[in-house]
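Working notes, beginning with the structure itself.
Naming: A, B, ... by sequence-line order, numbering from 1 per chain. These numbers come from the heavy atoms of this one structure, side chains and all, not from hydrogens, waters or symmetry mates.
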There are 2 protein chains.
Amino acid sequence: MKNLADILDLEGAAGPPTERMLQILTEACRLFATRGFDGVSVRDIAQECGISKATLYHHFPDKDAILRPLVMGITRSLHQRVLGAIPSGADPAEKLRAFLTESARFFEDYRWAFIVSSTVFWTDPQARQRRQRIEWRDRHEALLRGILEEGVRSGAFRIADIGMAGRLVLGALNWMPKWYDPKGPLPASAIAEQFHGMLVAGLGAKPGG
Amino acid sequence: MKNLADILDLEGAAGPPTERMLQILTEACRLFATRGFDGVSVRDIAQECGISKATLYHHFPDKDAILRPLVMGITRSLHQRVLGAIPSGADPAEKLRAFLTESARFFEDYRWAFIVSSTVFWTDPQARQRRQRIEWRDRHEALLRGILEEGVRSGAFRIADIGMAGRLVLGALNWMPKWYDPKGPLPASAIAEQFHGMLVAGLGAKPGG
DNA sequence: AAAACCCGACCGATCGGTCGGTAGGAGGAG
DNA sequence: CTCCTCCTACCGACCGATCGGTCGGGTTTT
């Protein structure tokens, strides 16, 4: 797990987060990922950090303020990082590979936060910050669709429905947290590499193969 | 939504569930799916059913007893139904199509329960019933792997890693609940059909196409 | 001394769950 | 027919525990 501070979205924060704030966010993130937002009490988080609940509330105004930077930050950072990892001059298949492998690397670096973000997404009662998050997600999906469209135009891909193909790709990717074992033999990026191969070539044996 | 009673797993129940029990399970299922198990109080469920909380506890011993038949029933029924829908004599590609489309139809029939099952799966603290559910899930995954292996043997499929291919297929399928709109233009089975086409043929344009 | 950090104790609200008791239909006895 | 009993479904009120959040005051750092 890389440094969580790199991806947090502190919004109205005055400066960079303190050590204590980072500790709280890190522990809370892990707990939220394994037991869900409602399944974790503020007392649990404080205890895991070795501080009192009152102290936790000295650093964060309320429970939502712990969740927000995680979820918002992940959604934004994933898009920005994947966007930056796609080689501009490459052919579409190569771009798709970069999309998949960089997403996997990001997932590997920030696994807990990634899980929190994807599970909280649709159970979240907060409609206000929801819109902002959906904007980043839409931008991310548009990035993938752009790659696929470019492939269709260049003749590299043959796709009937771009949106459907995008959902296929994202489904395979977003389902990874449910079964991926960080102690397993393959790093996430290698798995994404395999996914890329199967997605582009298909599972069916070609006549010319 | 088909009749929920067809898929419930009542375990030690004396007879078929009463109307009231079905109502409670149906309303609870919808609430669990939209707000999560911990996000729904027993009072919420009772109110949605137009009864008092005490009455709800007359029909169910505790909150877990409402969740259990839903989650266990879905996991078991999905496998049994998909298993029964796969034509024994057909070629592997056709079997894979049946696997995908029947899964989609099941999801369409029992959408809320399907969502509850997939979200609760890994946040569930109950280890006892967890094992039984995992057995059904493993059986389901083995069914898919069997189809893929048969395809590789017959030469219909060319797959490097069966397990990885299975996760690719299940990922695309299990991610559907997150974006599928029942009021949308396409039924879930048609979407599964498209997925099947893309998965087998691949997104890349063939040389001979 | 000022500011940042920390804590024990407490708050009202809500949680899952229990209690004693009621309304009403079924059924047997007189 | 009436009377009594039993049973199921139902409810208002309540329980201890825990929830998110607050408060006044203590300690440490600058």
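Here the side chain of Thr55(A) is nearest to one of dG17(C), dT8(D), dC7(C), namely dC7(C). Taking the side chain of Ile51(B) as heavy atoms from C-beta on, and the options dG20(D), dG8(C), dC11(D), the nearest nucleotide is dC11(D). Considering only side-chain atoms of Arg20(A), the nucleotide from dG16(C), dC11(D), dC6(C) that sits closest is dC6(C). Each of dG12(D), dG17(C), dC6(C) was ranked by its minimum atom distance to the side chain of His59(A); first place goes to dC6(C).
Counting to the nearest Å, the P atom of dG16(C) and the CZ atom of Phe32(B) are 9 Å from each other. We find that NZ of Lys63(A) is positioned 15 Å from P of dT22(D), with the value rounded to whole Å. Across the protein-nucleic acid pair, Leu56(B) atom CG and dA13(D) atom C1' stand 17 Å apart, rounded to whole Å. The OH atom of Tyr57(B) sits 11 Å away from the P atom of dC15(C) (whole-angstrom rounding). Ile24(A) places its CD1 atom 10 Å from the P atom of dC7(C), with the value rounded to the nearest Å. Rounded to whole angstrom, the span from the CE atom of Met21(A) across to the C1' atom of dA4(C) amounts to 13 Å. Here the P atom of nucleotide dT8(D) and the NE2 atom of His58(B) are 8 Å apart, to the nearest Å. Between the CZ atom of Phe60(A) and the C1' atom of dC5(C) there is a distance of 14 Å, given to the nearest Å.
Looking at Arg153(A) and Glu150(A), no side-chain N of the basic residue comes within less than 4.0 Å of a carboxylate O on the acidic one, giving no salt bridge. We find that Asp38(A) and Arg35(B) are not joined by a salt bridge, their nearest charged nitrogen and carboxylate oxygen being 4.0 Å or further apart.
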Side-chain atoms of residues 24-33 of chain B: list all donor-acceptor pairs with protein atoms under 3.5 Å, sequence neighbours left out, distances to 0.1 Å.
| unit_1 | atom_1 | unit_2 | atom_2 | d |
| --- | --- | --- | --- | --- |
| Thr26(B) | OG1 | Leu22(B) | O | 2.7 |
| Glu27(B) | OE1 | Arg30(B) | NH2 | 2.5 |
| Arg30(B) | NH2 | Glu48(B) | OE2 | 3.2 |

Could you list the donor-acceptor pairs under 3.5 angstrom formed by side chains in residues 78-88 of chain A, with sequence neighbours left out?
| unit_1 | atom_1 | unit_2 | atom_2 | d |
| --- | --- | --- | --- | --- |
| His79(A) | ND1 | His140(A) | ND1 | 3.3 |
| Gln80(A) | OE1 | Arg76(A) | NH1 | 3.2 |
| Arg81(A) | NE | Glu102(A) | OE2 | 2.8 |
| Arg81(A) | NH1 | Asp109(A) | OD2 | 3.0 |
| Arg81(A) | NH2 | Asp109(A) | OD2 | 2.9 |

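Ser41(A) comes within 4.0 angstrom of the backbone, heavy atoms only, and of no base. Note on Arg43(B): a base of the nucleic acid sits closer than 4.0 angstrom, heavy atoms only.
Listed here is the closest heavy atom pair of Met198(A) and Leu168(B): CB-CD2, 3.9 Å. Among all heavy-atom pairs drawn from Ala188(B) and Phe107(B), the shortest one is CB-CD2, 4.1 Å.
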Check: Where along nucleotides 19-26 of chain C does protein come under 4.0 Å, by heavy atom, of base (B) or sugar-phosphate alone (S), with - for untouched nucleotides?
Finding: B-------
Checklist line | Stepwise salt bridge (Lys or Arg N to Asp or Glu O under 4.0 Å) test for Glu141(A) and Arg137(A) | finding: CA-CA 6 Å; Glu141(A) 292 182 7; Arg137(A) 193 201 56 180; 3.7 Å; yes
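Annotation: of the two residues near DNA chain D, Lys53(B) and Thr18(B), the 5′-most nearest-nucleotide partner is Thr18(B).
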